[in-house]
Structure formats: structure tokens, C-alpha cells
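Structure, as C-alpha cells:
The first residue in the sequence is number 1, and the count goes up from there.
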Amino acid sequence: QVQLVESGGGLVQAGGSLRLSCAASGRTFSYYTMGWFRQAPGKERDFVASISRSGGSTRYADSVKGRFTISRDNAENTVYLQMNSLKPEDTAVYYCSASTLATITSRLGEYDYWGQGTQVTVSS
């Protein structure tokens with residue numbers, strides 16, 4: 001089992017940047033494929049990005065491709081989401097997640113563990 005705690009959310013103007021962090025504890029961090037999802041008010045939780053166990057493979061939602069970068073530091077048990085050129089439509093609660101699958105996935109149901117979320121608000 002793994003526990004996940006996100007940080008780094010906040011209020012930023014459109015065009016600005018934020019870096020989210022997700023600290024993991026418990027079972028060996030490098031065992032998990034990691035992902036970021038987001039949920040806006042009244043909407044479903046959507047896939048944002050995923051990274052493989054080694055960090056060698058990544059996948060992004062089309063809406064964030066070229067603006068967001070997912071990375072991980074297995075020595076520090078942390079996964080990051082660097083968000084640049086933020087838009088008001090990026091406003092949401094962002095969730096860190098961990099999957100026991102060996103391959104990266106964008107499917108919400110294939111993630112086993114979730115953090116509590118961190119709010120990101122982008123003003124226009």
C-alpha cells in the first residue's frame with residue numbers, strides 16, 4: 001500500500017506556471033506507475049498525465065500536451081507535474097494517483113491509490 005500527499009496548488013494568473021508535487025510513503029515508490037488527474041466542479045475526474053515506473057515513458061492528455069510535464073524522482077519518492085502556460089480551463093482539483101500496472105495508463109479505474117487533491121485556480 002502507498003500513501004500520497006499532494007502539494008503546490010494555488011492561485012495563478014493565466015499564462016503563469018505552477019509545480020505540483022506528490023510525496024509517497026509506504027511500499028516501494030518505484031513499484032508504481034504514477035498519474036495525475038484533475039476534476040473541475042460539476043465534471044468528471046479526467047486524466048492529465050502518467051509516467052512509468054522508471055520515468056522513461058510518459059503520456060499526456062491532448063489538452064495539456066506541450067504545456068505540462070510529468071516527472072518523478074524515485075530516490076525522493078516524489079512525482080511532479082510542471083504546469084506552464086496555464087489557462088482558466090485548467091482550474092480544477094488535481095489528484096496524484098498510483099497504479100500497480102507495469103505500463104502507463106490513462107484509465108482512472110486502473111489506479112489503485114489516490115491523494116487528497118490540491119486546488120489549482122487560474123484567473124483570466
Cation-pi check, [X] onto [Y] ring (under 6.0 Å, within 45° of axis):
X: Arg38; Y: Tyr95; result: no
X: Arg19; Y: Tyr80; result: yes
X: Arg53; Y: Tyr31; result: yes

Presence of salt bridge, Lys65 and Asp62, under 4.0 angstrom: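 Yes, charged N to carboxylate O under 4.0 Å.
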
For [X] and [Y], indicate whether the former's side chain and the latter's backbone hold a donor-acceptor pair under 3.5 Å.
X: Asp112; Y: Thr100; answer: yes
X: Glu6; Y: Gln116; answer: yes
X: Tyr60; Y: Ile70; answer: yes
X: Thr78; Y: Glu76; answer: yes
X: Arg72; Y: Ser52; answer: yes

Side chain to side chain contact (heavy atoms under 4.5 Å, CB included) between Leu20 and Thr118, worked out: CA-CA 8 Å; Leu20 305 183; Thr118 186; 4.0 Å; yes

Polar contact flag, side-chain donor to acceptor under 3.5 angstrom, Thr105-Glu110: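 Per modelled atom types, Thr105 and Glu110 side chains form a pair under 3.5 Å.
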
[atom1]/[X] to [atom2]/[Y] distance, rounded to the nearest 0.5 angstrom?
X: Lys87; Y: Ser124; atom1: NZ; atom2: OG; result: 14.0 Å
X: Asn74; Y: Ser54; atom1: CG; atom2: OG; result: 8.0 Å
X: Gln3; Y: Ser25; atom1: CD; atom2: OG; result: 4.5 Å

Testing the basics here: between [X] and [Y], what is the closest heavy-atom pair and its distance to 0.1 Å?
X: Ala14; Y: Pro88; value: CB-CD, 4.1 Å
X: Ser50; Y: Tyr111; value: OG-OH, 3.0 Å
X: Ser97; Y: Met34; value: O-CE, 3.3 Å
X: Ala24; Y: Leu4; value: CB-CD2, 3.7 Å
X: Ile104; Y: Ser57; value: CG2-O, 4.0 Å
X: Ala92; Y: Ala40; value: CB-N, 3.8 Å

Evaluation steps, side-chain hydrogen bond (donor to acceptor under 3.5 Å, both in side chains), between Ser99 and Tyr113: CA-CA 7 Å; Ser99 171; Tyr113 303 101; over 6 Å; no

May I ask you to test the [X]-[Y] pair for a side-chain heavy-atom distance under 4.5 Å?
X: Val120; Y: Asp90; result: no
X: Met83; Y: Thr69; result: no
X: Ile51; Y: Thr33; result: no

Ser71 and Gln82: CA distance, side-chain angles, deciding distance, side chain to side chain contact (heavy atoms under 4.5 Å, CB included) verdict: CA-CA 8 Å; Ser71 61; Gln82 177 67 43; over 6 Å; no

Within one Ile-Leu-Val-Met-Phe-Trp-Tyr cluster: Val93 and Leu108, side-chain cutoff 4.5 Å: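 Shared cluster, yes.
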
Aromatic ring pairing Tyr94/Phe68, orientation class (parallel under 30°, perpendicular over 60°, tilted between):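 Correct class here is tilted.
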
CA sep, side-chain torsions, deciding dist, call: Val79, Cys96, side chain to side chain contact (heavy atoms under 4.5 Å, CB included): CA-CA 8 Å; Val79 62; Cys96 173; 3.7 Å; yes

Lys43, NZ atom: more than 12 neighbouring heavy atoms under 6.0 Å: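 For Lys43, atom NZ is not crowded (no more than 12 foreign heavy atoms under 6.0 Å).
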
Ring centers of Trp114, Phe37 separated by less than 6.0 Å: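 Yes; Phe37 has its ring centre under 6.0 Å from that of Trp114.
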
